[in-house]
There are 2 protein chains.
Amino acid sequence: MARRSEHSKEEIKSMVLGAAKGLIEEEGLAGLSARKLANQIGYTVGSLYMVFENLDDLILHANAVTLDELYQQLQVTVVEGDNPQATLQILAQTYIEYAMANPNRWNAVFEHHLPEGQQAPEWFQQRVDQIFALVEQQTSRLNIDRKKAVMSARALWSGVHGICVLYMTNKLHLPDEIQVQSLVEDLVSNYLGKL
Amino acid sequence: MARRSEHSKEEIKSMVLGAAKGLIEEEGLAGLSARKLANQIGYTVGSLYMVFENLDDLILHANAVTLDELYQQLQVTVVEGDNPQATLQILAQTYIEYAMANPNRWNAVFEHHLPEGQQAPEWFQQRVDQIFALVEQQTSRLNIDRKKAVMSARALWSGVHGICVLYMTNKLHLPDEIQVQSLVEDLVSNYLGKL
DNA sequence: TTGACAATTAAACGATGTTTAATAAAACTA
DNA sequence: TAGTTTTATTAAACATCGTTTAATTGTCAA
């Protein structure tokens with residue numbers, strides 16, 4: 001068999017990412033496989049390696065899409081006039097809302113690991129930094145110096161993320177009367193209260 | 001070939017777990033395989049299924065060993081006379097120390113996921129709860145009601161864990177002048193300050 | 001001593017990610 | 001237009017994986 005040229009490489013790339021999004025959404029990262037992807041877009045496995053280095057590279061791109069989507073959802077909740085404390089509360093709540101609405105795709109971002117020793121490429125790391133920046137933007141408005149603002153953003157957001165991780169992986173074991181949202185609110189307000 | 005009866009089932013079980021510990025330590029969870037394990041203990045793959053349901057079950061047991069070890073290390077740092085704030089600081093620091101000292105085994109606990117819909121057996125969940133209990137024991141000593149103590153333990157520990165997760169997976173991107181330890185200290189002291 | 005039982009193995013199965021060689025269509029050249 | 005080069009695409013192969021199966025053989029009880 002041979003060249004069809006029905007789609008450009010860019011088209012194939014986005015077809016694959018679309019299929020990956022759907023597959024992860026429905027079956028989780030573990031449900032993703034090269035053959036399933038190829039099948040869904042009407043090509044064979046080999047073609048995937050024309051547009052991606054390997055499956056890890058493919059997954060990184062799929063996860064980047066998720067991070068972009070999350071970033072965008074966080075961004076639109078930031079309202080100019082609100083004070084930083086309130087804004088940080090909203091950001092935190094929006095974060096767990098996103099995770100709860102897209103459990104498998106959110107999970108995939110943190111479940112996926114590169115082989116020992118390898119670290120994520122810069123274009124991926126930037127997606128993560130982008131989100132921290134959104135938080136830092138708010139901590140910077142508090143009455144603290146630059147270094148403290150950087151620290152607070154990292155500490156606070158990691159904290160919110162930690163709650164999210166344990167909750168999503170069923171390791172939080174909350175009593176029925178306590179909701180995750182309250183936990184997050186509690187963490188943020190207590191942390192900010194002392195600043 | 002056939003029965004050798006050199007080792008009891010219990011002996012084989014602990015030989016496997018010992019091999020698993022070493023393999024995860026050196027190659028990470030991804031480096032673990034049934035054949036490697038069998039090879040290391042001088043048996044063939046089939047024998048693993050005599051003592052474990054499947055690889056997931058085996059990994060859960062290996063991770064339980066890690067959680068037990070972590071619990072024990074946390075426990076010995078608790079000194080009777082210290083105030084709860086100081087004790088919580090020490091617990092938090094001990095936690096990231098453990099993670100940094102045993103990166104691959106610590107990682108394995110949170111990297112491993114059961115197939116969609118399945119959740120960890122009770123004996124495993126208890127290991128997690130045991131650690132939360134250690135924290136709750138301290139938050140209970142603060143001047144707050146029972147419900148608040150439960151919440152604080154969860155929120156605080158999840159927060160510490162979140163910092164640990166992002167740091168260990170290279171997603172924290174800290175500037176050079178900020179250490180993880182300071183981040184943790186910052187989170188704990190700020191959170192507790194307002195109570 | 002025979003027969004039932006159970007420990008252990010080798011081999012097979014289906015699935016995985018990745019690489020390879022072959023093929024044929026498109027693009028370029030004369 | 002004819003011939004040649006390039007390249008998109010595929011089928012097939014490879015090594016590895018978790019898991020199951022059947023066969024084998026040591027052990028123990030009767």
Side-chain angles (χ1 to χ4, degrees), chain A residues 1-17 19-20 23-24 26-63 108 111-118 120, chain B residues 1-17 19-20 22-24 26-63 108 111-118 120-121:
Chain A
M1 307 291 149
R3 184 184 224 179
R4 294 189 305 196
S5 270
E6 288 173 14
H7 308 97
S8 71
K9 285 196 180 183
E10 280 313 312
E11 279 174 325
I12 294 182
K13 213 168 189 169
S14 78
M15 287 164 68
V16 173
L17 289 181
L23 260 172
I24 294 175
E26 287 167 30
E27 308 186 35
L29 187 58
L32 191 89
S33 88
R35 283 166 177 84
K36 275 190 205 164
L37 282 173
N39 206 40
Q40 282 211 8
I41 66 165
Y43 279 78
T44 50
V45 249
S47 298
L48 300 186
Y49 292 83
M50 230 172 44
V51 284
F52 294 106
E53 271 185 45
N54 48 40
L55 261 217
D56 277 325
D57 180 40
L58 192 160
I59 293 171
L60 279 178
H61 278 88
N63 284 342
E111 194 175 335
H112 178 244
H113 291 295
L114 293 172
E116 277 260 273
Q118 243 176 81
Chain B
M1 308 290 149
R3 184 184 224 178
R4 294 188 304 194
S5 271
E6 288 173 14
H7 309 97
S8 71
K9 285 196 180 182
E10 280 313 311
E11 280 174 325
I12 294 183
K13 212 168 189 169
S14 78
M15 286 164 68
V16 173
L17 288 180
L23 260 172
I24 293 176
E26 286 166 30
E27 307 187 33
L29 187 57
L32 192 88
S33 87
R35 283 167 177 86
K36 276 190 205 165
L37 281 173
N39 205 41
Q40 283 212 5
I41 66 165
Y43 280 79
T44 51
V45 250
S47 298
L48 300 184
Y49 292 84
M50 232 172 43
V51 283
F52 294 105
E53 271 185 45
N54 48 41
L55 260 217
D56 277 325
D57 181 39
L58 192 159
I59 293 171
L60 279 177
H61 278 87
N63 285 340
E111 193 175 337
H112 178 245
H113 291 295
L114 294 172
E116 276 260 274
Q118 244 177 81

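Excluded from the calculations below are hydrogen atoms, water molecules and symmetry mates; all remaining heavy atoms, backbone and side chain alike, are included.
- Note: CG (A/Leu32) to P (C/dG17) measures 8 Å, nearest angstrom.
- Listed by chain and residue number, A/His112 satisfy the side-chain hydrogen bond (donor to acceptor under 3.5 Å, both in side chains) test with A/Asp56 (two or more places apart in sequence, or in another chain).
- Summarising the geometry, the separation between CG on A/Leu37 and C1' on C/dT18 is reported as 15 Å, rounded to the nearest angstrom.
- Among B/Glu11, B/Met15, B/Glu10, the single residue meeting the side chain to side chain contact (heavy atoms under 4.5 Å, CB included) criterion with B/Lys13 is B/Glu10.
- To the nearest 0.5 Å, atoms CG (B/Leu17) and CG (B/Asn63) are separated by 10.5 Å.
- Checking D/dG18, C/dT18, C/dT8 against every side-chain atom of B/Ile12, the shortest atom distance belongs to C/dT8.
- Taking NZ of A/Lys9 as the reference point, atom NE2 of A/His7 lies at 15.5 Å (rounded to 0.5 Å).
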Acceptor/donor pairs from residues 26-36 of chain B side chains to any protein atom, 3.5 angstrom cut, sequence neighbours excluded:
residue : atom : partner : partner atom : Å
B/Glu27 : OE1  : B/Lys36 : NZ           : 2.9
B/Ser33 : OG   : B/Lys36 : N            : 3.1
B/Lys36 : NZ   : B/Gly31 : O            : 2.8

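- The separation between B/Met15 atom CE and C/dA7 atom P is 16 Å, rounded to whole Å.
- Atom pair B/Glu6:CD and C/dA7:C1' shows a separation of 11 Å (rounding to whole Å applied).
- Nearer the 5' end of DNA chain D, as judged by each residue's closest nucleotide, is the contact made by A/Lys9, out of B/Ala34 and A/Lys9.
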*asked:* Is there a side chain to side chain contact (heavy atoms under 4.5 Å, CB included) between A/Ile59 and A/Ile24? Walk through the geometry before answering.
replied: CA-CA 10 Å; A/Ile59 293 171; A/Ile24 294 175; 5.6 Å; no
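- The listed nucleotides are D/dT9, C/dA12, C/dT9; the one nearest the side chain of B/Tyr43 is C/dT9.
- Of the residues in residues 51-63 of chain B, none has a non-hydrogen atom less than 4.0 angstrom from any atom of DNA chain C.
- Within the 4.0 angstrom heavy-atom criterion, base atoms lie near B/Thr44.
- Atom CE of A/Met50 and atom P of D/dT6 are 18 Å apart (whole Å).
- Across all strands shown, B/Leu48 has no heavy atoms under 4.0 Å from either base or sugar-phosphate atoms.
- Across all non-hydrogen atoms, the minimal contact from A/Ile41 to A/Ala19 is CG2-CB, 4.0 Å.
- Here the C1' atom of nucleotide C/dT8 and the CG atom of B/Asn39 are 15 Å apart, to the nearest Å.
- Across its full length, the helix from C/dT1-D/dA30 to C/dA30-D/dT1 shows an angle of 20° between the axes of its 5 terminal pairs at either end, rounded to 10 degrees.
- For the side chain to side chain contact (heavy atoms under 4.5 Å, CB included) test, residues two or more places apart in sequence or in another chain that qualify with A/Glu116 are B/Asn104.
- Of the residues near DNA chain C, A/Tyr49 and B/Gly42, the one whose nearest nucleotide (by heavy atom distance) lies more toward the 5' end is B/Gly42.
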*When you look at B/Met50 and B/Tyr43, which way does the side chain to side chain contact (heavy atoms under 4.5 Å, CB included) test go after all the steps?*
CA-CA 11 Å; B/Met50 232 172 43; B/Tyr43 280 79; 6.0 Å; no
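- Counting any heavy atom pair closer than 4.0 Å across all strands shown, A/Ser47 reaches a base atom.
- A/His61 is linked by a side-chain hydrogen bond (donor to acceptor under 3.5 Å, both in side chains) to A/Asp57, counting only residues two or more places apart in sequence or in another chain.
- As a whole-Å value, the separation of A/Leu29 CG from C/dT16 P is 14 Å.
- In this structure, NZ of B/Lys36 is placed 10 Å from P of D/dT16, rounded to the nearest angstrom.
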